[in-house]
Every structure is written in C-alpha cells, then in structure tokens.
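In what follows, a single structure is set out as structure tokens and then discussed.
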Amino acid sequence: MKWGVIATGGIAHAVTADMLKAGATVLAVSSRDITKAQKFAENFGIERAYGDYHDLLADPDVEVVYVATPHGQHHEVVLAALDAGKNVLCEKAFALTVADAEEMIERARSKNLFLMEAMWTRFNPLVRKVQEAIEAGEIGEVRMIRADFGFRHAFSDGDRLWAKEAGGGATLDLGVYPVALTHQLLGVPTHVHAHGSLAPTEVDADAGIFLAYDNGAHALLSCSLVANTGARAEIVGTRGRIELVDPMFNPTAVVINGVEHTIEDEGYQHQIRAVEESVAAGLTENPRITWENTLEVMRTLEEALRQLGVSYAGAK
C-alpha cells in the first residue's frame, strides 16, 4: 500500500520511521517548503517530494495519506484528501472543533473512504491487555482513573503548541490522551468539569479535568505545558488496580494487580498495520477507534475547553 506523508515536523519523522519498520511503502511527502520535503525524502528514501500538499494529493499512485500537520490544518487537509479519493490517517487531536470533526467524518462517509484518528494508544498491545483484563473482571468494577500528561515548554507566541490558529494548548495536544483512555475504559462521561490557566495567546497552559459517571465512577485527569507531571495512568477497581507506566500513551510496561507485563517498544507500527489491514478489507473505519469514538472524545474536549474559556471557532 503506497503512502503519502503531509508535513515534515517531528511527529512526521517518528511515524514515517515506524511506517518503514512496519513494511509500509512511503511513496511521497509534501511540505510548504520544498527543500524540507526533499530533505525528508532523502532521509527516508522516499521517491517523490512535493512543495504543496495538493500536488501530493494529485499523485494517482498515493493510496493512503498520513496528515501530520498541526491540528489547525487537519480540517482543510483531510477534506482535500478525501475529495481527492485518498484514504486518510489523521493525527490527533482530530480537529479543532466537534463541528469540523463531524464534517470530516461525513465527507469520508459520502466518499466511502477510510478515515481514522491516529490514536495509536488503542493499538498498543499492553493497552489492549489492560482493556481485556478489565473486561474479564480482574480488578473488579472500575471506580477511578488517574492520568496525567505534562511537561514544561517555554512560551513563544509563534510556537505551534502555544499558537491558537495551530490548535495549540495543553488540552488538544496532551489532554487528548488521558481523556481518550478514560473514554476507552469507562465510556462517555455524564459530567465534565475543567479548571486551568490560559496563556497570553488564549490557549490553555494547563488543565485539570474531572470526568464523572452516573454510577459514581470518575476520572481525575491533568495536562500541562508549564509543569512536568510525567505521563502515567492508574486504574483502580473494587478488587485491584492497574498502572500504566510512563509513557501511558505508549507503555512498554503495565502492572496488573502487582504483576508486571512488558513489551518491546514498537511505536506506531501497530497503528500503521491496522490502517493497511482496514483499507485492504474495504473498511471505512477501524473498530478500535471508530468515528463515533473520535466524536465522543472531541465532545468531551470541547466542553472542557469551553469551561476553560478557550474556543477555536474561527481560529483557522
């Protein structure tokens, strides 16, 4: 299956390296700076480099597109890719708003094309093992989840992590992981409460997010661009507990009721294989991260951001 990579930032480098390890064929790459695209192509042995993503999308040999742009460009690029007849893997957070995400998904549905949010955590073998252990009742009924993801990142209004038009802020970039994990294990919360601080660029610098469920279960989540909280998660049940060792979004070790389970770090390879298998099977969405899963998480993120005083409507 022939891939095209749109953008050449850090995440594009990491995922492309794992694409090649997974045996995928990366045929083309695009960047607004053609010299960056050419250097990226040279580094990874990619045949074709483009200075505009529209040119990549016009390449008839590209079958699947990986969108690695900042969040603020996802909506525009994904719609263009789907209109060009390409299957799409789009980085998370999937979009700036629920409305944008809904339009992206509806376009994929109308075109009968595969579209998936790149929530690689759901394909990690140990995270799958954790979910299976919970479903098997190994820790009883889940009552509480604690999860954090934060690090110190110097403020600069031109930095994508702080720039509103790029979709910057702690919640969309980091908080998506703890929120998505909670959704995966507890489902959609009935109540969302958020508290945090804003940067001068009107994006959130940090946030505490409390997700509550009608049965009393709850999640205490945090994300931060101003404090090094680490990236750990703990799931507490009525008969035991599970720890996802840092980094919780790609753990190589989990502890289930005191017993440690480990794997080698295979990064994004599981996700890449899942995309190729889904497209080969003629699917439009993957059962591990369905369109509805993505929308559910987006709705929680948007409500948390609303309470924090952040709105991305019209930010693009």
- Tell me, with the steps shown, if Thr238 and Arg143 meet side-chain contact (heavy atoms from CB on, under 4.5 Å). CA-CA 7 Å; Thr238 53; Arg143 302 305 300 159; 3.7 Å; yes
Closest approach of [X] to [Y] (non-hydrogen atoms, all atoms of both residues):
X	Y	value
Gly150	Leu174	CA-CD1, 4.2 Å
Pro189	Val192	CG-CG2, 4.1 Å
Val203	Ala163	CG1-C, 4.4 Å
Pro70	Arg160	CG-CD, 4.3 Å
Ile209	Ala304	CD1-CB, 4.1 Å
Val88	Ala81	CG2-CB, 3.7 Å

Going only through I, L, V, M, F, W and Y residues with side-chain contacts under 4.5 Å, is there a path from [X] to [Y]?
X	Y	answer
Ile272	Ile263	yes
Met1	Phe123	yes
Val226	Phe149	yes
Val275	Phe44	yes
Leu161	Phe155	yes

Short question: side chain of [X], backbone of [Y] - any donor-acceptor pair under 3.5 Å?
X	Y	result
Tyr213	Gly187	yes
Thr201	Trp162	yes
Lys164	Ser311	yes
His270	Tyr268	no
Thr8	Ala37	no
Ser31	Asp33	yes
Asn257	Glu138	yes
Glu243	Val255	no
Arg239	Gly137	yes
His74	Ala93	yes

Is there side-chain contact between [X] and [Y], with heavy atoms separated by less than 4.5 Å?
X	Y	value
Val29	Gln38	no
Leu172	Tyr312	yes
Asn286	Arg122	no
Ile134	Ile235	yes
His261	Leu126	yes
Phe94	Val176	no
Val254	Val127	no
Trp3	Thr16	no

Rounded to the nearest 0.5 Å, how far apart are [atom1] of [X] and [atom2] of [Y]?
X	Y	atom1	atom2	value
Leu115	Ser278	CG	OG	11.5 Å
Glu117	Glu91	CD	CD	8.5 Å
Thr69	Arg32	OG1	CZ	9.0 Å
Cys223	Asp148	SG	CG	9.5 Å
Trp120	Ile289	CH2	CD1	14.5 Å
Arg241	Ile139	CZ	CD1	9.0 Å

[atom1]/[X]: more than 12 non-hydrogen atoms of other groups inside 6.0 Å:
X	atom1	value
Glu135	CD	yes
Gln307	CD	yes
His195	NE2	no

Checking side-chain polar atoms at under 3.5 Å, does [X] have a donor or acceptor matched by the opposite partner on [Y]?
X	Y	result
Asn124	Thr121	no
Thr252	Asp265	no
Ser197	Asp206	yes

- Assign the ring pair His13 / Phe40 to parallel, tilted or perpendicular, where the plane angle (0 to 90°) is split at 30° and 60°.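 Aromatic pair His13/Phe40 classed perpendicular.
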- Message: Checking Arg128 against Glu132 for the salt bridge (charged side-chain N to carboxylate O under 4.0 Å, His left out) test, could you report, in this order, the C-alpha distance in whole Å, the side-chain angles of both residues, the deciding distance, and whether it holds?
- Response: CA-CA 6 Å; Arg128 292 171 62 175; Glu132 290 164 1; 5.0 Å; no
- Item | Asp59 bridged to Lys2 by N-O distance under 4.0 Å |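 Salt bridge: no.
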- Query: Is the shortest side-chain N to carboxylate O distance from Arg306 to Glu303 below 4.0 Å?
  - Reply: yes
- Item | Qualifying residue, where the test is side chain to side chain contact (heavy atoms under 4.5 Å, CB included) with Leu57 and the options are Val62, Asp83, Ile6 |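 Testing Leu57 for a side chain to side chain contact (heavy atoms under 4.5 Å, CB included) against Val62, Asp83, Ile6 leaves exactly one candidate, Ile6.
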- Item | Criterion side-chain contact (heavy atoms from CB on, under 4.5 Å) on Val179 and Thr171, from CA distance to verdict | CA-CA 9 Å; Val179 170; Thr171 296; over 6 Å; no
- Please walk me through it: do Phe210 and His191 pass ring pair (Phe, Tyr, Trp, His ring centres under 6.0 Å)? CA-CA 8 Å; Phe210 179 78; His191 302 282; 9.2 Å; no
- Message: Please evaluate residues Val310 and Glu202 with respect to the criterion side-chain contact (heavy atoms from CB on, under 4.5 Å), reporting the C-alpha separation (whole Å), side-chain torsions for both, the decisive distance (0.1 Å), and the verdict.
- Response: CA-CA 7 Å; Val310 179; Glu202 299 182 330; over 6 Å; no
- Message: Arg299 vs Glu292, test: salt bridge (charged side-chain N to carboxylate O under 4.0 Å, His left out). Steps then yes/no.
- Response: CA-CA 10 Å; Arg299 291 181 190 116; Glu292 187 56 31; 3.1 Å; yes
- Query: Run the side-chain contact (heavy atoms from CB on, under 4.5 Å) check on Glu102 and Leu295 step by step: do they pass?
  - Reply: CA-CA 7 Å; Glu102 288 174 338; Leu295 289 175; 3.7 Å; yes
